[in-house]
Amino acid sequence: MNVRIAAVSLASAALVAVGATAAVAAPAPAPGITLKADHTAVKLGDVVTFTGKSTGLKEGSKVTLQVKTGATWKSLPVTAKVNHSAYKLTDKFQKKGVQVLRVKDGATVSKAVSVTVR
């Protein structure tokens with residue numbers, strides 16, 4: 001009987017030492033996207049560079065820049081692929097006023113940023 005208890009104890013200790021608990025996979029992070037503009041106030045026709053990071057999105061996913069028009073979001077013809085969990089895109093503004101923008105990939109959207117165009 002003592003031999004059996006010793007064998008079970010030895011096997012348990014070996015599993016812990018090898019890291020059997022590491023076999024439990026952590027859940028995948030919820031998809032998310034950040035958005036930053038290099039300028040928050042520009043002149044008409046100036047270029048703004050947008051950068052951000054993503055979590056939980058596949059490499060090569062395409063993020064699309066959107067502008068808020070009234071209560072709806074309109075996709076602009078400005079996209080970038082996620083590379084190493086980051087992206088970079090640029091846009092030139094042709095309309096004066098405060099432009100509210102975000103990026104989107106499927107159902108995942110960033111928080112909005114504002115750019116004032118004078």
Straight-line distance of Tyr87 OH to Thr64 OG1, nearest 0.5 Å: 11.0 Å
Output side-chain donor-acceptor pairs under 3.5 Å for residues 100-118, partner residues at least two apart or in another chain, one line each.
unit_1: Arg102; atom_1: NE; unit_2: Gln66; atom_2: OE1; d: 2.7
unit_1: Arg102; atom_1: NH2; unit_2: Gln66; atom_2: OE1; d: 3.0
unit_1: Ser110; atom_1: OG; unit_2: Val103; atom_2: N; d: 3.0

How close do Lys58 and Val82 get, heavy atom to heavy atom, and via which atoms? O-CB, 4.1 Å
Verify the cluster assignment for Val78 and Ile33: are they in a single hydrophobic cluster under the rule of side-chain heavy atoms below 4.5 Å apart? yes
Taking C-beta and beyond as the side chain, do Val48 and Asp38 meet within less than 4.5 Å on heavy atoms? yes
Does Lys53 offer a backbone N or O that forms a donor-acceptor pair with the side chain of Ser85 under 3.5 Å? no
Could you pull out the closest heavy-atom pair between Gln99 and Phe93, with the gap in Å? CG-CD2, 3.9 Å
Can you name the residues that form a side chain to side chain contact (heavy atoms under 4.5 Å, CB included) with Lys92, not counting sequence neighbours? Val47, Gln94
Transitive ILVMFWY side-chain link Phe50 to Leu44, under 4.5 Å: yes
Please tell me whether Leu89 and Leu76 are part of a single hydrophobic cluster in this structure, the criterion being side-chain heavy atoms less than 4.5 Å apart. yes
